[in-house]
There are 2 protein chains.
Amino acid sequence: MTAKAVEELEAPATSDAQPFLPDYLLFLTASVSAAMSEEFHEHVRTRGLRVPEWRVLACLHDDDGQMITRLARFAMIEQSRLTRIIDNMDERGLLERRSDKADRRRVRIFLTRAGAGLAAELVSEARAHEKRLIQRLPDGLGQDLKATVKRLHGVLWDGEQD
Amino acid sequence: MTAKAVEELEAPATSDAQPFLPDYLLFLTASVSAAMSEEFHEHVRTRGLRVPEWRVLACLHDDDGQMITRLARFAMIEQSRLTRIIDNMDERGLLERRSDKADRRRVRIFLTRAGAGLAAELVSEARAHEKRLIQRLPDGLGQDLKATVKRLHGVLWDGEQD
DNA sequence: TATGAAAAGATGAAAACTCATATTTTTATT
DNA sequence: AATAAAAATATGAGTTTTCATCTTTTCATA
């Protein structure tokens with residue numbers, strides 16, 4: 001065996017010691033989140049919506065008449081983008097803007113009848129999908145994850161609630 | 001109390017029974033993932049990189065010389081976008097393309113010395129940040145989450161490994 | 001009650017992203 | 001070996017997204 005060959009055996013691709021990503025919380029979480037969501041997101045597109053639009057519907061389903069800033073935080077959408085998403089969903093008749101009487105800077109977003117119907121359907125489909133997804137996972141992995149992220153969500157969103 | 005008032009008490013904003021999102025796994029996971037990552041992503045931008053670029057560096061740090069398709073899967077970046085991100089990082093001297101001798105369709109991406117240095121720094125900072133993040137969380141929440149997503153990542157990525 | 005700071009949304013322009021598809025190379029089939 | 005199908009990457013063009021900034025309205029306080 002040549003000196004070069006030995007060197008290559010002892011100095012792998014890159015990485016000194018342990019690989020980083022398989023032990024990095026933020027990567028694992030993002031990756032798991034994306035992988036789990038993929039399937040339902042595909043379904044959402046099938047229904048003629050983009051993922052952010054689905055998030056808006058879901059947020060309003062839970063709490064209709066939110067103002068844009070709050071909606072943006074919950075739906076994880078940057079404000080100016082959300083403004084334009086709302087323009088578009090408004091044109092499509094899914095929701096409507098109403099200016100807030102008490103604070104005229106605010107614009108409150110309400111689902112139309114059609115929007116509420118679509119939201120209700122998708123929410124119901126999402127619940128069913130989650131059930132299947134969790135069943136498909138081995139052990140109590142799904143339940144474990146859900147319990148943990150629920151607690152975490154509470155912790156991380158404390159203080160910035162509205 | 002008027003009939004109207006009673007009706008309003010019984011029929012809240014939208015939502016019939018339980019709110020959906022606070023009990024929806026995919027939302028909770030995405031939301032927690034985004035919230036936890038925010039801080040470090042901000043740091044990454046401070047260092048002059050976008051998040052997808054940081055993901056590329058991290059992937060190559062662990063496994064240098066990957067082909068574009070594989071890198072795209074791991075870094076959760078659409079292929080044609082990754083091609084252009086690589087163009088750009090190449091121009092900036094962070095990495096370089098080398099065509100694969102054995103299969104000339106493939107382009108393998110290697111970190112330059114500068115790129116490897118930057119990757120190593122950021123990986124080290126990411127590890128430190130994760131430590132702090134986990135410490136900040138109450139109970140063993142951080143550890144719980146990490147253990148769970150690690151198991152899940154294994155399950156979800158089985159079969160599509162390379 | 002003026003006045004400056006902050007909050008909410010909207011918007012123009014630039015940058016980034018996506019989609020479909022082209023090109024090159026390899027693999028599988030006949 | 002020829003040919004069709006598949007895989008890997010690149011690219012044009014259209015759409016989205018972002019960033020900074022503007023306007024309007026409210027809040028704090030001197």
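Everything numeric here is computed off the predicted structure, so don't read it as measured data. Convention: sequence-line order gives letters A, B, ...; per-chain numbering from 1.
- Remark: the Arg84(B) side chain and the Asn88(B) side chain contain no N/O donor-acceptor pair separated by less than 3.5 Å.
- When rounded to the nearest whole Å, the span between CD1 of Ile68(B) and P of dA7(D) equals 17 Å.
- When rounded to the nearest whole Å, the span between CZ of Arg104(A) and P of dT23(D) equals 18 Å.
- Comparing Asp87(B) and Asp103(B) by the nucleotide of DNA chain D that holds the closest heavy atom to each, the one mapping nearer the 5' end is Asp103(B).
- In this entry the distance linking CD1 of Ile85(B) with C1' of dT18(C) reads 12 Å, nearest Å.
- Note: CZ (Arg98(A)) to C1' (dA8(C)) measures 19 Å, nearest angstrom.
- Note that Arg55(A) lies outside the cation-pi zone of Phe27(B), set by a 6.0 Å cut-off to the ring centre and a 45° limit from the axis.
- dA10(D) atom P lies 10 Å from atom CG of Asp90(B), rounded to whole Å.
- Regarding contacts with the backbone of dA10(D), a side-chain N or O of Arg97(B) is found under 4.0 angstrom from either OP1 or OP2.
- Within 4.0 Å (heavy atoms only), Arg108(B) reaches no atom of the nucleic acid at all.
- When the C1' atom of dA8(C) is taken as reference, atom CD1 of Ile109(A) falls 12 Å away, rounded to whole Å.
- Residue-to-nucleotide contacts include a donor-acceptor pair under 3.5 Å from the side chain of Gln79(A) to the base of dA10(C).
- Counting only heavy atoms from C-beta on, Glu78(B) has its side chain closest to dT18(C) among dT18(C), dT9(D), dT25(C).
- Taking the side chain of Arg81(B) as heavy atoms from C-beta on, and the options dT26(D), dA10(D), dC17(C), the nearest nucleotide is dC17(C).
- When the P atom of dT26(D) is taken as reference, atom CZ of Arg106(A) falls 10 Å away, rounded to whole Å.
- Distance Ile86(B) CD1 to dT11(D) P: 13 Å, rounded to the nearest Å.
- In terms of phosphate contacts, Thr83(B) brings a side-chain nitrogen or oxygen within less than 4.0 Å of OP1 or OP2 of dA10(D).
- Between the side chain of Arg84(B) and the base of dG12(D), a donor-acceptor pair under 3.5 Å is found.
- In summary, the aromatic rings of Phe74(B) and Trp157(B) are positioned with their centroids under 6.0 Å apart.
- Between the side chains of Glu78(A) and Ser80(A), a donor-acceptor pair is found at a separation under 3.5 Å.
- For Ser80(A) and dC19(D), a side-chain-to-base donor-acceptor distance below 3.5 Å is present, hydrogens and geometry of angles not being considered.
- Side-chain atoms of Gln79(A) and Thr83(A) form a donor-acceptor pair, as typed in the model, at a separation below 3.5 Å.
- The side chain of Arg105(A) approaches dC27(D) more closely than any other nucleotide in the set dA10(C), dA8(D), dC27(D).
- Between Thr69(B) and dA7(D) there is no side-chain polar atom (N or O) within less than 4.0 angstrom of OP1 or OP2.
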